[in-house]
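Worksheet: the structure to be examined is printed underneath.
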Amino acid sequence: MKTLKSDALYNEAIKYIPCGVNSPVRAFKSVGGIPLFINRGDGSKIYDVDGNEFIEYIGSWGPHLFGHNPSFIKEALIQVIENGTSFGAPTELEIKMAKLISELVPSVEMVRMVNSGTEATMSAVRAARGYTGKEKFIKFEGCYHGHADYFLIKAGSGALTLGIPTSPGVTKGNAADTLLADYNDIDSVKSLISKNKNEIAAVIIEPVAGNMGVVKAADAFIKELRQICDEEKIVLIFDEVMTGFRVAKGGAQEILGITPDLTTFGKIIGGGLPVGAFGGKKEIMEMIAPSGPIYQAGTLSGNPLAMAAGYAALNHIKNHPEVYNLLEEKSLYLEKGIKENFKSLKKNYALNRVGSMSTLFFTEGKVNSFKDAVKSDTKLYGKYFHEMLIRGIYLAPAQFEAAFVSTAHSKDDLDKTIKANFEALSILDKK
Ligand SMILES: *Cc1c(COP(=O)(O)O)cnc(C)c1O
């Protein structure tokens, strides 16, 4: 695989941009080597500056449910760009977007648009604190909720991969209000609540975790979590930045059958543009400024370009509910192929999948929590990543991430991936 142009761009990039990337997971730090510079995406494929073609499973880390550059999103963008990119005043498209979100996700009675997942989670926690008048909140080890200070406590994926569970620059004061529970372990939640009686404003959770690799919340666990939050007057926040419109039309809350008080969105909701949103119970959302005292704002929030792309994506979902059956079919096909490879190679690695998001953990035995996930052999993952890459399959350059199947992945793409997986796993044995 030729990487001359990528190598040159990397050497230039590191002079001006930390590690040459604008978000840590893009660097190849945990798998070794240097990142490829991408030129173009089309459907299930991306093309780097050296002309290499890859079938890819990152989808810009989640947004590209329909693959790269689908025509209906491109056309929506071209249409609105004629009229200008932002006015800092309300537009009709914002109402259409809000209505559509609350139609697809019924727990969202009111919603506010922001510009990233981080802004959404940050604002949701503030809303919960303002609403309850309490200050502490519970998060789960291995869950990632963006890079706001008080979330960077055992925060999964990027932070996990780089070995900075708590980042310098996060104050002790900030960290002190973040209480850490174990995913899928209700007793760990109960114990925190009894030690911090009447002090906890919110519990925030990825209802299907994607940022420690894919781990689904157990039915009994999430049900009991909902109950406890009701009893203790704690706002339950589902961080569906990754799972929203990914695992089902109505997100993870639809498949789990549990209604949160607030939900955060990002990724798919922006149709590939920088968008986030938080919403939920009217009673809480009406406390957001200026209808209420909880401050929250954004110069470019709800801008026409972002709304056009996001609306096109969600409207496509609304008009094509069969999308999720199609994604399930493709993802199951891939899972079966990989599991057959395991069988013939006598491997017993954990392969977790919920709909079109999955993770192959390089550990044997079940992965139901962060503690299980970190048993994975990350060095082996690094080797696997590179063996897949030279075979034209671009996976996340880190173990604790999800692989995303899009509607654009063809049977041929999946067969090539299964074949590459077989070859890569066979070679790892010999190395
Ligand atoms: C990606 C992600 C975020 C952060 O979103 P950004 O747009 O990167 O700020 C928050 N929560 C979850 C669950 C995510 O997957």
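Ligands are counted one by one from 1 in listed order, and the atoms in each one are counted from 1 as well. No experiment lies behind these values; they were computed from the predicted model shown. Basis for what follows: all heavy atoms, side chains included, without hydrogens, waters or symmetry-related copies.
The side-chain hydrogen bond (donor to acceptor under 3.5 Å, both in side chains) test applied to Asp219 returns no partner, not counting sequence neighbours.
Counting only heavy atoms, the protein never gets under 4.0 Å from atom 8 (O) of ligand 1.
Here the protein heavy atom with the shortest distance to atom 6 (P) of ligand 1 is Gly117 N, 3.4 Å. Of the protein's non-hydrogen atoms, the one nearest atom 3 (C) of ligand 1 is Val241 CG1, 3.6 Å.
Both cation-pi conditions hold for Arg129 and Tyr150: the charged atom is under 6.0 angstrom from the six-membered ring centre and inside a 45 degree cone around its axis.
Against a heavy-atom cut-off of under 4.0 Å, Asp239 is close to the following atoms of ligand 1: 10 (C), 11 (N), 12 (C), 13 (C). For ligand 1, the atoms sitting less than 4.0 Å from at least one non-hydrogen atom of Ser116 are 7 (O), 9 (O), numbered in the order shown with element in parentheses.
Residues Thr263 and Pro260 form a side-chain contact, since some pair of their non-hydrogen atoms from C-beta on lies under 4.5 Å apart.
For Thr243, no heavy-atom contact with ligand 1 is shorter than 4.0 Å. The side chain of Glu206, and not its backbone, has at least one atom closer than 4.0 Å to an atom of ligand 1 (non-hydrogen atoms only; side chain from C-beta on).
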Walk me through it: do Tyr381 and Phe400 pass the test ring-ring contact (aromatic ring centres under 6.0 Å, His included)?
CA-CA 10 Å; Tyr381 181 84; Phe400 305 107; 8.6 Å; no
From CA spacing to verdict: side chain to side chain contact (heavy atoms under 4.5 Å, CB included), Ser356, Arg246
CA-CA 7 Å; Ser356 58; Arg246 162 65 61 185; 3.0 Å; yes
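For Phe66 and Phe72, the ring centers are positioned less than 6.0 Å apart.
The shortest separation from a heavy atom of Lys267 to ligand 1 is under 4.0 Å, placing the residue in contact.
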